[in-house]
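Per chain, numbering begins at 1; letters A, B, ... match sequence-line order.
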Number of protein chains: 2
Amino acid sequence: MVTTRKLREVPSDHYNVFAKECPARMVLDRIGDKWALLILDHLKSGKTRFNELKRSVGGISQKVLSGVLKTLERDGLIYREVYPTVPVTVEYSLTPLGETLTEAISAVTHWAELHMKEILSAREAYDLKV
Amino acid sequence: MVTTRKLREVPSDHYNVFAKECPARMVLDRIGDKWALLILDHLKSGKTRFNELKRSVGGISQKVLSGVLKTLERDGLIYREVYPTVPVTVEYSLTPLGETLTEAISAVTHWAELHMKEILSAREAYDLKV
DNA sequence: CTGAATCCCTGGGGATACTG
DNA sequence: CAGTATCCCCAGGGATTCAG
């Protein structure tokens with residue numbers, strides 16, 4: 001989620017990108033945070049349980065993991081299945097919608113891999129000048 | 001930029017997604033924030049000056065705008081051209097690299113427009129159950 | 001006009017302890 | 001096991017002012 005303090009006056013003649021109705025904003029808010037993409041990526045390899053996810057993502061706190069999972073579930077991107085074993089078992093997995101999203105995202109990650117070096121060298125060049 | 005407090009122990013047997021070398025992380029950090037995508041999008045329509053950008057984006061402070069522009073320039077995604085007029089004129093525009101990125105991103109924004117309704121109705125359904 | 005410098009406040013998210 | 005509840009810290013970013 002992106003931080004917005006007060007959301008002051010937004011010129012009314014201009015498409016309000018903060019509105020829920022802005023699709024790009026909506027998706028970016030979902031995948032732009034520190035963890036969501038990673039979780040989605042791990043779920044591509046199949047159903048995964050909470051602690052399993054926690055371990056494989058690495059370095060995420062329980063609070064944050066459960067929070068991210070909740071919003072992803074709310075948006076219909078992942079399933080959450082509870083099995084009444086003892087102790088309880090919960091499995092997360094991608095919904096069809098979630099799968100199409102990971103495919104769309106792969107365009108960006110692919111771009112990233114392809115152009116990483118250019119970015120890195122651009123940074124070097126920039127830092128030298130400064 | 002994503003917030004990371006201390007970057008504790010990350011299991012060493014696991015690909016460190018926080019490392020600069022993780023391309024996805026790098027790009028997401030660049031476009032995942034509140035403004036970068038918007039700016040990139042506005043720049044698709046051609047060279048734009050600072051205040052022009054500020055107005056058309058709407059609601060962004062000068063400090064933040066100049067900050068985002070700086071990191072985008074540093075990563076080789078936008079050009080910054082200074083004309084020694086008086087008062088000074090500065091024009092920003094996409095580099096070829098920046099253009100390819102906006103194209104990659106469009107896969108996601110297109111997905112967003114396509115599936116927005118599904119997400120919205122998933123939210124409604126979820127909120128009813130809770 | 002284009003920023004840089006300052007001050008301030010908020011909420012994301014880390015650590016830890018506790019439940020069903 | 002799978003979370004919830006608390007506390008706390010700090011970087012992002014808003015508002016405002018100053019400068020080349």
Side-chain angles (χ1 to χ4, degrees), chain A residues 1-10 17-18 28-39 47-74 78-93 130, chain B residues 1-11 17-18 25 28-39 47-74 78-93 130:
Chain A
M1 189 66 72
V2 162
T3 315
T4 303
R5 192 190 321 207
K6 206 199 318 177
L7 206 53
R8 268 129 299 101
E9 35 78 22
V10 172
V17 290
F18 302 111
L28 263 302
D29 279 356
R30 195 58 56 250
I31 66 173
D33 72 72
K34 192 174 168 182
W35 302 109
L37 184 66
L38 282 285
I39 293 170
K47 294 192 177 187
T48 315
R49 299 172 55 182
F50 188 88
N51 276 339
E52 203 177 338
L53 215 40
K54 182 164 167 3
R55 272 192 305 277
S56 62
V57 168
I60 189 172
S61 70
Q62 298 197 107
K63 185 181 97 176
V64 175
L65 178 55
S66 86
V68 176
L69 288 171
K70 208 178 289 179
T71 70
L72 289 176
E73 186 200 356
R74 184 168 107 100
I78 64 176
Y79 291 124
R80 177 177 183 275
E81 295 170 288
V82 183
Y83 301 97
T85 55
V86 42
V88 69
T89 301
V90 181
E91 287 189 338
Y92 293 93
S93 54
V130 183
Chain B
M1 186 67 77
V2 161
T3 315
T4 303
R5 187 180 334 198
K6 206 197 317 176
L7 206 52
R8 266 128 301 101
E9 34 77 25
V10 172
V17 291
F18 301 112
R25 178 84 279 134
L28 263 301
D29 279 355
R30 195 59 55 249
I31 66 173
D33 73 72
K34 192 173 168 181
W35 301 109
L37 184 65
L38 283 284
I39 294 170
K47 294 191 178 191
T48 316
R49 298 175 52 184
F50 189 87
N51 275 341
E52 204 177 336
L53 216 39
K54 181 165 166 6
R55 272 192 305 278
S56 61
V57 168
I60 189 172
S61 69
Q62 299 196 101
K63 186 182 94 175
V64 175
L65 177 55
S66 85
V68 177
L69 288 171
K70 206 178 292 178
T71 71
L72 290 175
E73 187 200 357
R74 185 167 106 100
I78 65 175
Y79 291 125
R80 177 176 184 275
E81 295 170 289
V82 183
Y83 301 97
T85 54
V86 43
V88 69
T89 302
V90 181
E91 287 188 339
Y92 293 93
S93 54
V130 182

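Between the CG atom of D33(A) and the P atom of dG14(C) there is a distance of 10 Å, rounded to whole Å. In this structure, the CD1 atom of I60(B) is 14 Å from the P atom of dT2(C), given to the nearest Å. A straight line from CD of E81(A) to P of dA2(D) spans 13 Å, rounded to a whole angstrom. Taking atom CD1 of residue I39(B) and atom P of nucleotide dT2(C), one finds them 14 Å apart after rounding to whole Å. Remark: C1' of dG12(D) and CH2 of W35(B) are 12 Å apart, rounded to the nearest angstrom. The distance between atom NZ of K47(A) and atom C1' of dA2(D), rounded to the nearest whole Å, is 17 Å. Atom NZ of K54(B) and atom P of dG3(C) are 13 Å apart (whole Å).
For E81(B), the salt bridge (Lys or Arg N to Asp or Glu O under 4.0 Å) partners two or more places apart in sequence, or in a different chain, are K47(B). Residues meeting the side chain to side chain donor-acceptor pair (under 3.5 Å) test with R49(B), sequence neighbours left out: none.
Across all non-hydrogen atoms, the minimal contact from W35(A) to D33(A) is N-OD1, 2.7 Å. For I31(B) against A36(B), the heavy-atom pair with the smallest separation is CA-CB, 4.2 Å. Considering all non-hydrogen atoms of both residues, I60(A) and K54(A) come closest at O-NZ, 3.4 Å. Between Y83(B) and V88(B), the shortest heavy-atom distance links the atoms O-CG2, 3.5 Å.
Non-hydrogen atoms lying under 4.0 Å from DNA chain C are contributed by Q62(B), K63(B), S66(B), K70(B), all within residues 61-70 of chain B.
Rounding to the nearest 0.5 angstrom, the gap separating the CZ atom in R80(B) from the CG atom in L72(B) is 13.0 Å.
Comparing V88(B) and F50(A), the nucleotide of DNA chain D nearest to each residue sits closer to the 5' end for F50(A).
Distances shorter than 4.0 Å separate some side-chain N or O of R49(B) from OP1 or OP2 on dT2(C). Residue R55(B) has no polar side-chain atom (N or O) positioned under 4.0 Å from OP1 or OP2 of dC1(C).
Among the heavy atoms of the strands lying under 4.0 Å from Y92(B) are primed sugar atoms or P, OP1, OP2 only; no base atom is included.
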